[in-house]
Peer 1: 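So that we are looking at the same thing, I have put the structure below in C-alpha cells.
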Amino acid sequence: MRTALIAISMAGAAVAPAAAQSPHATIAAPADQPYEMRHSKLTVPTVLDGMRRTSIRQLGDGEVDVYAVYGNAADAITVYTYRNVVGSVPVWFDRARAAVEERVDLYGKVAAAGPPVAFTPPGQDVASGLVGAWTITKPPYRGTALALLPMNGWLVKVRYSSTTLDGPAVAARIPAVLAALSWPNEIAKEAAAAPVAGCTTPLAFPKRAKVARTGGDALSSSLFGGIISALRTSTKTSATPSTASWCLDPARARIGAVYRADGDTEGYLLAFSDAGRAIGVQPDRLGAIMAKGKDAPRWAVTLYDMTSESGYPAMTALPRPDQLIEALNGPAVTRVQTWPAGSQNTVNVNVSAIK
C-alpha cells in the first residue's frame with residue numbers, strides 16, 4: 001500500500017490558482033526526425049499523410065499541453081496531447097464538436113456528416129475514442145474531421161481540415177493518420193466511449209447562491225478538502241479508466257457548457273473550451289459538518305487546470321454557471337499541485353481568503 005505524506009503550507013497572500021498561461025511557445029525539435037512527446041510518449045513523424053511537420057508547440061510550459069502542426073497548400077493536420085485531468089472523452093469531444101458547429105464566423109454553414117462514431121484506437125481493444133466530421137462553407141476549408149481518444153492518462157486529439165475534401169472524405173483519412181503515429185508499447189485499458197446525450201431532466205437552481213460564511217470552520221474544511229484532493233491525485237493511476245456516464249445539461253453559461261456525471265442532480269462540471277480545463281461544483285459534505293449547521297449545506301468549488309487543482313470559497317447553494325465563473329475573479333483558498341508526478345504532497349492554504 002502506498003502511503004502519501006501531506007505537507008500544509010499556510011499563506012497570507014493569495015494562492016494563485018495556476019501558473020499564468022504563457023503564449024503558445026515553439027518546442028525545439030529537429031524537423032527531419034520524429035518527435036516523442038516528453039510525457040505521453042506519443043511519437044509524431046516528420047511527414048503525416050503527405051504533409052510535412054511545420055512546428056511543435058505547447059500551451060503554457062512543462063509540455064503538458066503539446067501539439068504538432070502539419071500542412072501543405074491544400075490540407076492541414078494538428079495532433080494534440082494534453083493531460084486528462086477531469087471529465088472524459090465524451091465531454092471533451094463534445095466541447096471540440098461545439099468549437100466547430102458554433103463558430104459560424106470561422107466556418108460558415110456547418111453540416112455534420114453524421115453523429116459521432118466510437119472507434120478502437122491503435123494499441124487498444126476497446127472503442128474508447130470518438131470521431132466526427134463536418135462539411136463547411138466558409139473558405140479556405142471545405143471539410144474538417146476530428147478524433148479524440150484516451151491514452152495512459154492523456155488525451156490525444158487529431159484535427160484534419162481540407163480545402164478540397166468534404167467532411168466524410170476527410171473522416172476517411174483519420175484511420176491512416178492515427179496508424180502513422182507511433183504509440184507507446186503499453187497502453188492501459190480504457191473505458192468505452194459514447195457521444196454525450198442531453199440530460200433527461202435539467203438542473204434546478206435556487207434564485208441565488210451565496211458565499212458561505214468564513215472563519216475557523218471554513219479553514220478546517222478547506223484544509224481537509226485540499227488534503228483529500230492531494231491524496232486522490234497522488235494515488236490516481238492512468239490504469240483506472242473513467243466509467244462515468246456524462247450528459248449535457250441545458251443550463252446556459254457565457255463560457256463553455258454544463259456536464260453532469262451519472263445524472264448528478266447536486267453538482268456539475270463546467271467545461272470551458274476543448275482543451276481539458278474546467279471548474280466543478282459538488283456538495284461540500286465535510287464543510288457542512290464542520291460548520292455545525294451554521295452554513296449547511298455547502299457546495300465546494302474546484303478549478304481543474306493541467307497542473308493543479310484550486311479550491312474556491314464554498315457556496316450556500318448550487319450556483320448557476322455564470323456565478324461559478326465569477327468565483328474565479330476572487331482568490332483561491334487552497335491549491336494542490338497535481339503535476340509533475342510526486343508533487344502532490346503539499347496543500348497551499350490562503351488564510352487571508354477565509355478570514
Side-chain angles (χ1 to χ4, degrees), residues 82-102 112 114-121 123-133 146-158 187-205 228-229 232-233 235-253 255-285 299-304 309 318-321 324 338:
Y82 52 96
R83 290 188 65 222
N84 186 9
V85 296
V86 68
S88 65
V89 165
V91 168
W92 299 114
F93 182 90
D94 194 63
R95 286 290 79 217
R97 173 204 57 77
V100 175
E101 296 181 357
E102 296 175 3
V117 177
F119 71 95
T120 302
Q124 301 187 35
D125 57 7
V126 172
S128 61
L130 290 172
V131 62
L146 69 89
L148 183 70
L149 61 102
M151 184 196 70
N152 295 345
W154 296 81
L155 292 174
V156 178
K157 181 172 64 179
V158 172
I187 299 178
K189 186 177 180 62
E190 299 286 354
V196 167
C199 299
T200 55
T201 57
L203 282 172
F205 294 100
I228 291 171
S229 178
R232 176 173 53 78
T233 56
T235 57
K236 180 180 178 181
T237 67
S238 59
T240 305
S242 172
T243 57
S245 176
W246 293 84
C247 68
L248 176 63
D249 192 89
R252 305 301 298 174
I255 301 173
V258 172
Y259 298 88
R260 293 156 53 193
D262 298 325
D264 190 359
T265 60
E266 295 185 297
Y268 60 88
L269 184 75
L270 177 59
F272 298 135
S273 67
D274 58 345
R277 296 161 175 85
I279 185 168
V281 57
Q282 291 292 330
D284 181 8
R285 315 290 187 192
W299 271 256
V301 176
T302 305
L303 175 66
Y304 300 94
E309 293 183 10
L318 182 66
R320 294 179 183 274
L324 200 59
T338 61

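In this chain, numbering begins with 1 at the start of the sequence shown. Quick note: numbers below take in every heavy atom, side chains included, and nothing from hydrogens, waters or symmetry partners.
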Peer 1: Work out which heavy atom in F272 is nearest to a heavy atom in L303; give both atom names and the distance.
Peer 2: CE1-CD1, 4.0 Å
Peer 1: For the residue pair Y259 and W246, what are the closest heavy atoms and their distance?
Peer 2: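 Residues Y259 and W246, closest heavy atoms: CB-CE3, 3.7 Å.
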Peer 1: Closer than 3.5 angstrom, by distance alone: can the side chain of D264 be matched with the main-chain N or O of E266 as a donor-acceptor pair?
Peer 2: yes
Peer 1: When rounded to the nearest 0.5 angstrom, what distance separates CD1 in I279 from CG in L324?
Peer 2: 4.0 Å
Peer 1: Which atom pair, heavy atoms only, marks the closest approach of L203 to L318?
Peer 2: CD2-CD2, 4.3 Å
Peer 1: Return the minimal non-hydrogen interatomic distance between S128 and P150, and the atom names on each side.
Peer 2: O-CD, 3.3 Å
Peer 1: If you round to the nearest 0.5 Å, how far is CG of N152 from CD of Q124?
Peer 2: 8.0 Å
Peer 1: Does a side-chain heavy-atom distance below 4.5 Å link L130 with P195?
Peer 2: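 Result yes, sub-4.5 Å side-chain heavy-atom pair found.
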Peer 1: Can you tell me how far the CZ atom of R277 sits from the CZ atom of R83, to the nearest 0.5 Å?
Peer 2: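 R277 atom CZ to R83 atom CZ measures 10.5 Å (nearest 0.5 Å).
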Peer 1: Nearest heavy-atom pair of A191 and V126: which atoms, and what distance?
Peer 2: C-CG1, 4.0 Å
Peer 1: Determine, step by step, whether R97 and L146 satisfy the side-chain contact (heavy atoms from CB on, under 4.5 Å) criterion, reporting the C-alpha distance in whole Å, the side-chain angles of both residues, the deciding distance to 0.1 Å, and the verdict.
Peer 2: CA-CA 8 Å; R97 173 204 57 77; L146 69 89; 5.8 Å; no
Peer 1: Can you check whether V86's main-chain N or O pairs, donor with acceptor, with W92's side chain at less than 3.5 Å?
Peer 2: yes
Peer 1: Is a side-chain donor or acceptor of D249 paired with a backbone partner of P202 at a separation under 3.5 angstrom?
Peer 2: no
Peer 1: After noting the C-alpha distance and the side-chain angles of V89 and E190, does the key distance pass the side-chain contact (heavy atoms from CB on, under 4.5 Å) rule?
Peer 2: CA-CA 10 Å; V89 165; E190 299 286 354; over 6 Å; no
Peer 1: Say you draw a straight line from NZ of K157 to CG of L155; how long is it, rounded to the nearest 0.5 Å?
Peer 2: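 Spacing of NZ (K157) from CG (L155) equals 9.0 Å.
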Peer 1: Using every non-hydrogen atom in the two residues, find where V85 and Y304 come nearest and quote the distance to one decimal.
Peer 2: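 Minimum heavy-atom contact is CG2-CB, 4.4 Å.
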